[in-house]
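Hydrogens, waters and symmetry mates are skipped; everything else that's a heavy atom, side chains included, is used. Keep in mind that this is a model prediction, so the values were computed, not measured. Sequence lines set the chain letters: A, B, ... in the order given, protein chains first and strands last, and positions in each chain run from 1.
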Protein chains: 2
Amino acid sequence: MNWYKIDDVAKITGLTKRTLRYYEEIGLIPPPERSDGKIRLYTDEDIEQIRRVLIAKEVLGFSLQELQQFLHLKKMIEQNHTEYGSFGPEELLEIKKHLSGQIHMLHAKIERMQKFTQELTELQQKIKVQLNQFAKEDE
Amino acid sequence: MNWYKIDDVAKITGLTKRTLRYYEEIGLIPPPERSDGKIRLYTDEDIEQIRRVLIAKEVLGFSLQELQQFLHLKKMIEQNHTEYGSFGPEELLEIKKHLSGQIHMLHAKIERMQKFTQELTELQQKIKVQLNQFAKEDE
DNA sequence: TCGATTTTTAACGTTCACGTCAAAGTAAAC
DNA sequence: GTTTACTTTGACGTGAACGTTAAAAATCGA
């Protein structure tokens, strides 16, 4: 098993040491093991978890709080699935509703991003036209 | 021409009055007309502009500063196109590079969002299975 | 026209997401 | 085993994006 100290993890993930401690403090990532002298020792799996959190953060544009709630929900559902559940049917329905809301939101966001990308592409096109003008002037 | 006072615009856009003044203060939206008594009077076009800014903010996940720079850039390019340009060819190339970077980033983001949406859909599926179990138990 | 409601600017307050610094403990290197 | 480098907790600092409050001015309704 590989063990990483906080500075290694910082370099690997691109986060600062402060940020790693902060994310742990607010419960966004699980507390890693510690040495006898209380020094944080991260595993490869810990690092993977951090990576997933970073992607979710960036992709969803969530605040850290929202992200936290989301990860909690996800964990709950997965536990419920394997271990035979702590959720009743009305809770499950509630969660399902919540999820479809999220999915819907993501679809809307994706659509707007595609529109935006198109706008940018059009801008790029205009620049190309301009550049051609300059090329002509040089002849 | 329709004129809206700040409270109307707040209700229409969902922003607070403070936020509207703040966005104006940092140059994110153009200052609207004023009455003789110095009261802000927004037009439909102003409101449209605000809407576009909001979408760009949400979609791109930009900070207000980045957003500001981006809008500035866009305006510049469009002016350059119609009014015959304040940009030289090397500046245009720089901007073009910048734009392709942005477009690339958006593509990557869209892809990750689609993956994420799929993950959520799978979670939803698991919940449906759970709900079916409950339905069976009730028979 | 007068009272009630809104709007204005200015200033200070707040929350989030960390940065920075200090003091003490731990690990590593020689 | 001592110096050097790294880590820990704790606390205060900071910039962004507003919220809140106050006091004066403007507008609206009766």
Side-chain angles (χ1 to χ4, degrees), chain A residues 1-44 46-47 49-72, chain B residues 1-44 46-47 49-72:
Chain A
M1 182 97 94
N2 291 326
W3 296 102
Y4 305 88
K5 291 166 86 171
I6 196 165
D7 197 45
D8 306 329
V9 180
K11 273 163 188 158
I12 292 170
T13 62
L15 297 174
T16 67
K17 294 185 270 184
R18 170 63 170 129
T19 301
L20 284 168
R21 296 198 193 95
Y22 176 66
Y23 282 6
E24 181 185 337
E25 187 188 331
I26 65 172
L28 200 59
I29 57 178
E33 295 294 310
R34 299 280 187 131
S35 73
D36 292 352
K38 310 252 186 192
I39 286 196
R40 269 167 264 251
L41 296 175
Y42 298 82
T43 68
D44 285 293
D46 285 329
I47 293 177
Q49 160 80 1
I50 293 171
R51 282 230 171 81
R52 281 195 297 272
V53 167
L54 287 182
I55 288 182
K57 182 190 169 172
E58 191 193 345
V59 166
L60 294 174
F62 278 0
S63 76
L64 297 185
Q65 263 208 16
E66 291 168 321
L67 197 50
Q68 207 172 332
Q69 285 174 24
F70 176 79
L71 291 175
H72 186 69
Chain B
M1 183 98 96
N2 289 327
W3 296 102
Y4 305 88
K5 292 168 84 173
I6 196 167
D7 197 44
D8 305 329
V9 180
K11 273 164 189 158
I12 291 170
T13 62
L15 298 174
T16 67
K17 294 184 270 183
R18 170 64 169 124
T19 300
L20 285 168
R21 295 199 194 96
Y22 177 66
Y23 282 7
E24 181 186 337
E25 187 188 330
I26 64 172
L28 201 58
I29 57 179
E33 295 293 310
R34 299 279 187 134
S35 74
D36 292 351
K38 309 252 185 191
I39 286 195
R40 268 168 263 251
L41 295 175
Y42 297 84
T43 68
D44 285 293
D46 286 330
I47 293 177
Q49 161 81 359
I50 293 170
R51 282 228 171 82
R52 281 196 296 272
V53 167
L54 287 182
I55 288 181
K57 181 188 170 175
E58 192 193 347
V59 166
L60 295 175
F62 277 3
S63 75
L64 298 185
Q65 263 208 17
E66 291 169 321
L67 198 49
Q68 208 173 330
Q69 285 174 24
F70 176 80
L71 292 175
H72 186 69

Looking only at heavy atoms, what is the nearest atom pair of B:Arg34 and B:Leu41, with distance? C-CD1, 4.2 Å

Distance in angstrom units between A:Glu25 CD and D:dA11 C1', rounded: 12 Å

Specify the separation, in whole Å, of atom CD of B:Glu33 and atom P of C:dT8. 14 Å

For atom CG of B:Asp8 and atom P of C:dT5, their distance in whole Å: 17 Å

Would you please name every residue forming a side chain to side chain contact (heavy atoms under 4.5 Å, CB included) with B:Ile39, sequence neighbours left out? B:Lys5, B:Ser35

Under-3.5 Å N/O pairs linking protein and nucleotides 23-26 of chain D:
none

Report, one pair per line, the protein and nucleotides 13-19 of chain C atoms (nitrogen or oxygen only) whose separation is under 3.5 Å.
from   : atom 1 : to      : atom 2 : distance (Å)
C:dA17 : OP1    : A:Leu64 : N      : 3.1
C:dC18 : OP2    : A:Tyr23 : OH     : 2.6
C:dC18 : OP2    : A:Lys57 : NZ     : 3.1
C:dC18 : N4     : A:Arg18 : NH2    : 3.3
C:dG19 : OP2    : A:Thr16 : OG1    : 2.7
C:dG19 : OP2    : A:Thr19 : OG1    : 3.4
C:dG19 : N7     : A:Arg18 : NE     : 3.0
C:dG19 : O6     : A:Arg18 : NH2    : 3.0

B:Arg21 atom CZ is separated from D:dT21 atom C1', nearest whole Å, by 13 Å

With sequence neighbours left out, the residues meeting side chain to side chain donor-acceptor pair (under 3.5 Å) with B:Arg18 are none

What is the minimum heavy-atom distance between A:Ile50 and A:Leu20, and which atoms define it? CD1-CD2, 3.8 Å

How many whole angstroms separate atom CG of A:Asp7 from atom P of D:dT8? 10 Å

When rounded to the nearest 0.5 angstrom, what distance separates CG in B:Asp8 from CH2 in B:Trp3? 13.5 Å

Please report the closest heavy-atom contact between B:Lys57 and B:Leu67, naming both atoms and the distance. CB-CD2, 3.6 Å

Integer-rounded Å distance: C:dT7 C1' and B:Ile6 CD1: 8 Å

Give the rounded distance in Å between these two atoms: CG of B:Leu41 and C1' of C:dT7. 11 Å

Residue set satisfying side chain to side chain contact (heavy atoms under 4.5 Å, CB included) with A:Asn2, at least two apart, ordered chain then number -> A:Tyr4, A:Asp44

At less than 4.0 Å, is any side-chain N or O atom of A:Arg40 found next to OP1 or OP2 of D:dT8? Yes or no. yes

Could you give the CZ-to-C1' distance, from A:Arg34 to C:dT26, as a whole number of Å? 12 Å

Do you know the tightest heavy-atom contact between B:Arg40 and B:Pro32? CG-CG, 3.5 Å

Using side chain to side chain contact (heavy atoms under 4.5 Å, CB included) as the criterion, list what pairs up with B:Lys17, not counting sequence neighbours. B:Ile6, B:Asp7, B:Ala10, B:Arg21

